[in-house]
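Worksheet for the structure shown next.
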There are 2 protein chains.
Amino acid sequence: MKKNPGAEIASLIKEINAVMNYRLREAFKDSQLTPPQMMVIFMLAEETQLKVSDISKKMSLANSTVSGILDRLESQGYIKRVRSNADKRVVYIEPAEQLNDLHAFYHQTVANFLANIVEGADEKQVNKMVDGLQTLRDFLKNDEG
Amino acid sequence: MKKNPGAEIASLIKEINAVMNYRLREAFKDSQLTPPQMMVIFMLAEETQLKVSDISKKMSLANSTVSGILDRLESQGYIKRVRSNADKRVVYIEPAEQLNDLHAFYHQTVANFLANIVEGADEKQVNKMVDGLQTLRDFLKNDEG
DNA sequence: ATATAATATTTCGTATGCGAAATATTCGCT
DNA sequence: AGCGAATATTTCGCATACGAAATATTATAT
């Protein structure tokens, strides 16, 4: 006698999201960095120049949300905004002074967190998780419902 | 050449969560209700008395977050707070006047949204999604990190 | 019986998070 | 060339969302 699958799925997504945020916050409790701030810093370690809208897409956030996150990272000296010369509407985000020493460490900390999510799972289980999520994503995006 | 599975999973969770919120907002665009407000109203249609902490657990939110959501629902007359006599620390949440006429309709709208998540999926696909999510949830909760 | 611990909720300060509107720039059409 | 549409980002107002601290009440230990 289970609840309907849609309700179960919605509830699991919320729960997983909450646990992931909790763990990410814990991983950076010594710094003052928040989960989305960490993710921006992580992404900048892999690609040293990102447009605001690239960050929004990668994180599934609205541009306005990302703009606020960047304000706070910029005011603390973690990133800088650089106007593109080719297209002056575009703003490139780059690492700044506060990351000179610690960027590699922050990147590794997030990478460890991400690796930890599936630690202990064998390949079959990992595939089951990824497949399940991709299937769900595709269903959500395709119904015009 | 895929990115590591932890990163893929984290990204999918964010994406799915964003799409679900977007659709829920769309389903209630005529009312002024927000997604968490709708979920509280939905839950109150299935159980007419809920403790604040019951709501927090079911929605995977902090009590302080729920308290704020309830403030706004209460001030608009959707719910009321009733102190328990048996234990005066406890606050029960119940539907109020603004739900007299529309509670069943709101419940049905959320139920439709939830049903729609898996609409068009056959049983095997639904099981794959639910299993994948449950496996992920269990891994996240069991590593001590 | 009473101090102390535990529990339930609220309050507070701050950081997301969104959509709509504003701003600035580039594109497309003619 | 120039004007209206399209694009990229920011600003604004508001609603989450969290943890820590405050408040109120109940349970527990002695």
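Here is how names work: the chains are called A, B, and so on, in the same order as the sequence lines, proteins then strands, and each is numbered from 1.
- Using a 4.0 Å heavy-atom cutoff across all strands shown, A/Arg81 reaches sugar-phosphate atoms only and no base atom.
- Sequence order on DNA chain D of the closest nucleotides to A/Tyr22 and A/Ser67 puts A/Ser67 first from the 5' end.
- Heavy atoms from other residues, nucleotides or ligands lying under 6.0 Å from CG of A/Asp101 number 12 at most.
- The six-membered or imidazole ring of A/Phe113 lies away from that of A/Phe28, with a centre-to-centre distance of 6.0 Å or more.
- Remark: side-chain polar atoms of A/Thr48 are not paired, donor with acceptor, to backbone N or O of A/Leu44 under 3.5 angstrom.
- A/Ser11 is not listed as a side-chain neighbour of B/Arg137, based on a closest heavy-atom distance of 4.5 Å or more.
- Looking only at side-chain heavy atoms (C-beta outward), B/Val52 and B/Lys57 stay at 4.5 Å or farther from each other.
- Put simply, the side chain of B/Arg83 does not reach to within 4.5 Å of the side chain of B/Val90, judged on heavy atoms.
- Using a 4.5 Å cut-off on side-chain heavy atoms (C-beta onward), A/Lys80 and A/Ile93 make no contact.
- A stem is defined here as three or more consecutive Watson-Crick or G-U pairs, each with both distances under 3.5 Å; for DNA chain D these stems are C:1-30 with D:1-30.
- Residue-to-nucleotide proximity on DNA chain C shows that, of B/Asp71 and A/Ala86, the 5′-proximal contact is made by B/Asp71.
- Salt bridge status for A/Lys141 with B/Glu15: present, with a side-chain N to carboxylate O gap under 4.0 Å.
- Heavy atoms of B/Arg25 sit under 4.0 angstrom from primed sugar atoms or phosphate atoms, though from no base atom.
- Between B/Gln32 atom CD and C/dA20 atom P the separation is 12 Å, expressed in whole Å.
- The closest donor-acceptor contact from the side chain of B/His103 to the backbone of B/Phe42 lies at 3.5 Å or more, if one exists at all.
- At a threshold of 4.0 angstrom between heavy atoms, the contacts of B/Ser64 include nucleobase atoms, whether or not backbone atoms are also involved.
- Reading DNA chain D from its 5' end, the first and the last nucleotide to sit under 4.0 Å from a heavy atom of chain B are D/dA15 to D/dT26.
- For the pair A/Leu24 CG and C/dT16 P, the interatomic distance rounds to 12 Å; values are reported in whole Å.
- Remark: A/Ser60, A/Leu61, A/Ala62 in residues 40-63 of chain A come within less than 4.0 Å of DNA chain C through at least one heavy atom.
- Using a cutoff of 4.0 Å between basic side-chain nitrogens and carboxylate oxygens, B/Arg89 and B/Asp87 are scored as salt-bridged.
- Proximity of A/Ser53 to A/Asn63: side-chain heavy atoms (C-beta onward) are separated by under 4.5 Å at one or more points.
- The shortest distance between the side-chain N/O atoms of A/Thr34 and the OP1/OP2 oxygens of C/dA15 is not below 4.0 Å.
- Both B/Arg83 and A/Val90 sit near DNA chain D, but only A/Val90 has its closest nucleotide nearer the 5' end.
- Put simply, A/Gln37 has a side-chain N or O that comes within less than 4.0 Å of OP1 or OP2 on C/dT16.
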